[in-house]
Amino acid sequence: MGIMEKVASAKKTSWVAEGLSDAEIKTTIELAKISAKIEKCRIDLEMTQKEFAEYMGVTQGMVSKWESREYNFTIRSLNEISEKLNISLGISLETKCEKNDYTIIKWDEDEALRKTKNSWFVNIGSKEAIA
């Protein structure tokens, strides 16, 4: 049985994440994604870790750390890696929004038209917008 068959037939469990905070789990996942991307780029370039290390200007040990999730990347190191590999780096810090974070209000067209003289309201044809 190959590794893919073993993974496909593995029983679901949560023991791996027991005792870890959500932040620790997310960190582990993000590090795995970054490591996998770096390794994929190296493989796509058909380079050994040693050749890749020379290309990147680091040691083979550093490449090994990158690929094994043993390196805590900084934004600077990620930018340097992404520039050298010609890949984009996207970092997003967004507020998590829940459905109950929003209040649904009823649109009152008559009231909106009365407020068109206010500087915060703009009438755009048949559509209104706050600007």
Side-chain angles (χ1 to χ4, degrees):
M1 181 184 301
I3 188 72
M4 294 309 289
E5 291 86 14
K6 288 180 182 179
V7 170
S9 64
K11 293 179 184 175
K12 291 184 179 182
T13 182
S14 63
W15 70 267
V16 174
E18 284 178 9
L20 296 176
S21 69
D22 288 346
E24 291 169 317
I25 293 169
K26 184 163 179 14
T27 298
T28 301
I29 291 168
E30 295 302 324
L31 281 173
K33 288 178 187 177
I34 293 166
S35 297
K37 182 65 175 180
I38 291 170
E39 185 174 12
K40 183 180 181 325
C41 287
R42 176 181 64 79
I43 291 168
D44 289 347
L45 291 169
E46 299 178 353
M47 292 183 179
T48 64
Q49 281 190 349
K50 185 176 180 179
E51 293 167 334
F52 189 68
E54 289 175 19
Y55 174 74
M56 295 298 292
V58 297
T59 65
Q60 185 272 327
M62 180 61 75
V63 172
S64 178
K65 286 181 181 182
W66 290 349
E67 293 184 3
S68 64
R69 299 180 307 271
E70 293 179 22
Y71 186 74
N72 192 6
F73 296 92
T74 63
I75 293 174
R76 177 183 301 248
S77 64
L78 288 173
N79 274 318
E80 290 170 355
I81 292 166
S82 63
E83 284 294 314
K84 187 75 173 181
L85 297 176
N86 198 29
I87 56 177
S88 64
L89 172 64
I91 299 172
S92 175
L93 298 174
E94 298 175 9
T95 304
K96 292 181 182 178
C97 296
E98 300 292 330
K99 185 177 180 180
N100 57 0
D101 287 344
Y102 299 96
T103 303
I104 298 175
I105 58 173
K106 183 178 177 188
W107 179 257
D108 184 342
E109 188 171 350
D110 293 332
E111 178 67 18
L113 290 173
R114 281 193 295 278
K115 292 183 178 181
T116 57
K117 294 178 183 170
N118 293 336
S119 62
W120 58 267
F121 187 85
V122 177
N123 186 359
I124 305 171
S126 63
K127 299 189 181 224
E128 292 80 22
I130 296 174

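Using a 4.5 Å cut-off on side-chain heavy atoms (C-beta onward), I38 and F73 make contact. Using a 4.5 Å heavy-atom threshold, the side chains of L85 and L45 count as touching.
Relative ring orientation between F52 and W66 is described as perpendicular, the plane-to-plane angle rising above 60° on a 0-90° scale split at 30° and 60°.
By the criterion of side-chain heavy atoms lying less than 4.5 angstrom apart, applied directly or through intervening Ile, Leu, Val, Met, Phe, Trp or Tyr residues, I29 is not grouped with I91; the two fall into different hydrophobic clusters. Placement of I25 and I34 in two distinct hydrophobic clusters is found when ILVMFWY residues are connected by side-chain heavy-atom separations under 4.5 Å, directly or transitively.
Closest of all the heavy-atom pairs between S35 and R69 is OG-CG, 3.3 Å. In terms of heavy-atom proximity, I75 sits nearest to L89 at O-CD2, 4.5 Å. What you find for E67 and R42 is that their closest heavy atoms are OE2-NE, 2.5 Å.
Applying the 6.0 Å contact sphere to NZ of K84 captures more than 12 heavy atoms from other residues, nucleotides or ligands. Atom CG of D44 has more than 12 heavy atoms from other residues, nucleotides or ligands within 6.0 Å.
Atom-to-atom distance recorded for I87:CD1 and I81:CD1 is 8.0 Å, nearest 0.5 angstrom. Between M62 atom CE and K65 atom NZ the span is 6.0 Å, to the nearest 0.5 Å. The NZ atom of K50 lies 12.0 Å from the OG1 atom of T59; values are rounded to the nearest 0.5 Å.
Remark: the backbone N or O of Q60 is not paired with any side-chain donor or acceptor of S64 at under 3.5 angstrom.
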